[in-house]
Chemist: 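Before I ask anything, here is the structure I am working with.
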Amino acid sequence: MTQDYTVEGPVALMMTTTAIDLDEELRNRCLVLTIDESREQTRPIHARQRFEETLEGLRGCEDQAAIRALRRNAQRLLKPLKVVNPYAERLTFLGDQTRTRRDHRKYLGLIRAIALLHQHQRPVRVLERPGAEPVAYIEATPADITTANRLAHAVLGTALDELPPQTRRLLVLVEAWARDRASAEGVKPRDLRFTRREVREATGWGDTQLKVQLRRLEELEYLLTRRDSARFVYELAWGGEGQDGAAFVMGLIDADVLEQGANEWRYDGDRSGRWRGSVGARSRPCNPVLTGGGRPPPSQRRKWRIAGCTVRPS
């Protein structure tokens with residue numbers, strides 16, 4: 001039956017799903033977080049479950065209410081201050097997709113939220129306006145941008161990746177296994193042929209989940225299928241780009257670069273507007289992909305490190 005909810009905003013909505021694919025219109029309006037289903041994460045979960053059965057675990061469970069109350073009281077100490085980012089005009093963000101218009105706002109909002117959490121460690125400034133109430137604000141720092149970049153890589157990087165997180169993880173596992181096996185057999189990874197059963201035994205994944213993820217890798221041409229007598233086998237077409245498996249957002253400027261020459265961007269009388277240098281900022285060497293001015297060929301799937309930024313062609 002239909003249920004109506006009346007909520008005073010702003011509203012924070014959390015949803016969960018077991019679906020592999022999300023509607024794109026919903027996906028680009030949300031921050032998408034995924035569960036780490038690796039064996040490395042399972043081990044500490046088991047350790048925590050065993051700890052909860054001990055006397056210390058019982059004491060910790062009973063103290064949870066007090067801990068939650070303490071954290072809520074700490075949040076109540078935050079005041080609704082405005083946040084000014086003096087480095088905003090020097091930030092960069094990939095612009096080759098329409099959806100990044102929303103993702104860019106998420107990134108800027110992330111910086112504001114981090115700065116707001118540190119308001120008691122920042123001086124509160126006041127914007128005087130003739131004939132109007134003054135506005136109190138704090139300023140974001142390069143440290144806030146560094147933290148936002150780290151979180152953006154983990155959250156927005158997953159959303160902007162063409163592979164879902166679990167598919168990406170399987171690709172990394174298959175590549176590592178294929179590389180080790182090819183080395184043992186004295187062949188190149190691209191010359192190795194393997195079956196789904198061999199991948200299932202090497203990764204420990206279930207057959208149903210493996211079938212779905214391998215089909216996706218086939219469709220996006222990370223894996224190629226070959227005919228081997230009476231069966232089909234796989235060939236690894238991916239060269240290991242981004243093989244650390246970490247998600248990242250292309251084109252984010254390093255906070256260290258922002259700090260360099262920061263004096264050139266401070267307010268200087270009536271020249272050129274607030275936060276701009278008197279003769280404009282110097283161009284820094286960078287690839288067009290950082291500003292959305294161009295895209296490399298799809299075949300060039302590798303990471304680039306340019307002027308302190310880590311970028312990857314899409």
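Heavy-atom basis, side chains included; hydrogens, waters and symmetry copies ignored. Here the structure is a predicted model, which is why all the values come from computation and not from measurement.
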Chemist: With a 4.0 Å cut-off, would you call Arg215 and Glu219 a salt bridge?
Modeler: no
Chemist: What are the two closest non-hydrogen atoms of Ala140 and Pro86, and how far apart are they?
Modeler: O-CD, 3.6 Å
Chemist: Hydrophobic clustering (ILVMFWY, side-chain heavy atoms < 4.5 Å, transitive) - are Tyr87 and Leu108 grouped together?
Modeler: yes
Chemist: Arg168 versus Tyr222: any side-chain heavy-atom pair under 4.5 Å?
Modeler: yes
Chemist: Could you report the tightest heavy-atom contact between Cys61 and Glu52, atom names first, then the distance?
Modeler: SG-CG, 4.5 Å
Chemist: Between Arg129 and Glu133 (side chain of the first, backbone of the second, donor and acceptor by atom type, cut-off under 3.5 Å), is there such a pair?
Modeler: yes
Chemist: Membership question, hydrophobic clusters at under 4.5 Å side-chain separation (ILVMFWY): are Val233 and Val174 in the same one?
Modeler: no
Chemist: In sequence, state the C-alpha distance, the side-chain angles, and the governing distance for Thr100 and Tyr107, and then conclude on side-chain contact (heavy atoms from CB on, under 4.5 Å).
Modeler: CA-CA 10 Å; Thr100 60; Tyr107 173 58; over 6 Å; no
Chemist: Are the side chain of Thr54 and the backbone N or O of Arg50 linked by a donor-acceptor pair below 3.5 Å?
Modeler: no
Chemist: Hey, are the side chains of Arg29 and Arg102 touching, using non-hydrogen atoms and a 4.5 Å cut-off?
Modeler: yes
Chemist: Atom NZ in Lys82, atom CD1 in Ile138: separation rounded to 0.5 Å?
Modeler: 12.0 Å
Chemist: Any side-chain to backbone donor/acceptor pair from His118 onto Thr141? Under 3.5 Å, distance only.
Modeler: no
Chemist: What do the steps show when you test Arg216 against Gln213 for side-chain contact (heavy atoms from CB on, under 4.5 Å), and what is the final call?
Modeler: CA-CA 5 Å; Arg216 187 185 300 275; Gln213 307 298 356; 4.1 Å; yes
Chemist: Roughly how far apart are Leu214 CG and Gln209 CD, rounded to 0.5 Å?
Modeler: 10.0 Å
Chemist: Closest heavy-atom contact between Ala152 and Leu110?
Modeler: N-CD2, 4.0 Å
Chemist: Are Val84 and Leu81 grouped together when hydrophobic residues (ILVMFWY) are joined by side-chain heavy atoms under 4.5 angstrom apart?
Modeler: no
Chemist: In Å and rounded to the nearest 0.5 Å, what is the OG1 to CG distance from Thr146 to Leu151?
Modeler: 11.0 Å
Chemist: Tell me if the CZ atom of Arg227 is crowded by more than 12 foreign heavy atoms within 6.0 Å.
Modeler: yes
Chemist: Check for a donor-acceptor pair, side chain of Gln119 on one end and backbone N or O of Lys79 on the other, with a separation under 3.5 Å.
Modeler: yes
Chemist: Other residues, nucleotides and ligands only: do more than 12 of their heavy atoms fall within 6.0 Å of CD on Glu221?
Modeler: no
Chemist: Is it the case that the side chain of Glu201 and the backbone of Glu198 share a donor-acceptor pair, with hydrogens and angles ignored and the cut-off at 3.5 Å?
Modeler: no
Chemist: Taking the side chain as everything from C-beta on, heavy atoms only, tell me whether Thr203 gets closer than 4.5 Å to Trp177.
Modeler: no
Chemist: Measure the shortest side-chain to side-chain distance between Tyr234 and Thr195 over non-hydrogen atoms and say whether it is less than 4.5 angstrom.
Modeler: no
Chemist: For residues His46 and Thr42, determine if any side-chain heavy atom of one lies less than 4.5 Å from a side-chain heavy atom of the other.
Modeler: yes
Chemist: Taking the side chain as every heavy atom from C-beta outward, state whether Val83 and Asp144 have any pair of such atoms under 4.5 Å apart.
Modeler: no
Chemist: Are the side chain of Lys211 and the backbone N or O of Gly206 linked by a donor-acceptor pair below 3.5 Å?
Modeler: no
Chemist: Donor-acceptor check, side chain of Arg179 to backbone of Pro189, threshold 3.5 angstrom: yes or no?
Modeler: no
Chemist: So Leu192 and Leu236, do their side chains get closer than 4.5 Å, heavy atoms only?
Modeler: no
Chemist: Do you know which two heavy atoms are closest between Arg200 and Trp205, and how far apart they sit?
Modeler: CG-O, 3.2 Å
Chemist: Does a side-chain heavy-atom distance below 4.5 Å link Leu220 with Thr167?
Modeler: no
Chemist: Taking all heavy atoms of Glu56 and all of Arg59, pick out the closest pair and write down the distance.
Modeler: OE2-NH1, 2.7 Å
Chemist: May I ask whether Leu31 and Ile145 are part of the same hydrophobic cluster, defined by side-chain heavy atoms of I, L, V, M, F, W, Y residues being less than 4.5 angstrom apart, directly or through others?
Modeler: yes
Chemist: Spell out, yes or no, whether Leu173 and Val199 are grouped together once hydrophobic residues are joined by side-chain heavy atoms under 4.5 Å, including indirect joins.
Modeler: yes
Chemist: Salt-bridged, Arg196 to Glu218, with N to O below 4.0 Å?
Modeler: no
Chemist: Do Arg193 side-chain atoms and Arg190 backbone N/O form a donor-acceptor pair below 3.5 Å?
Modeler: yes
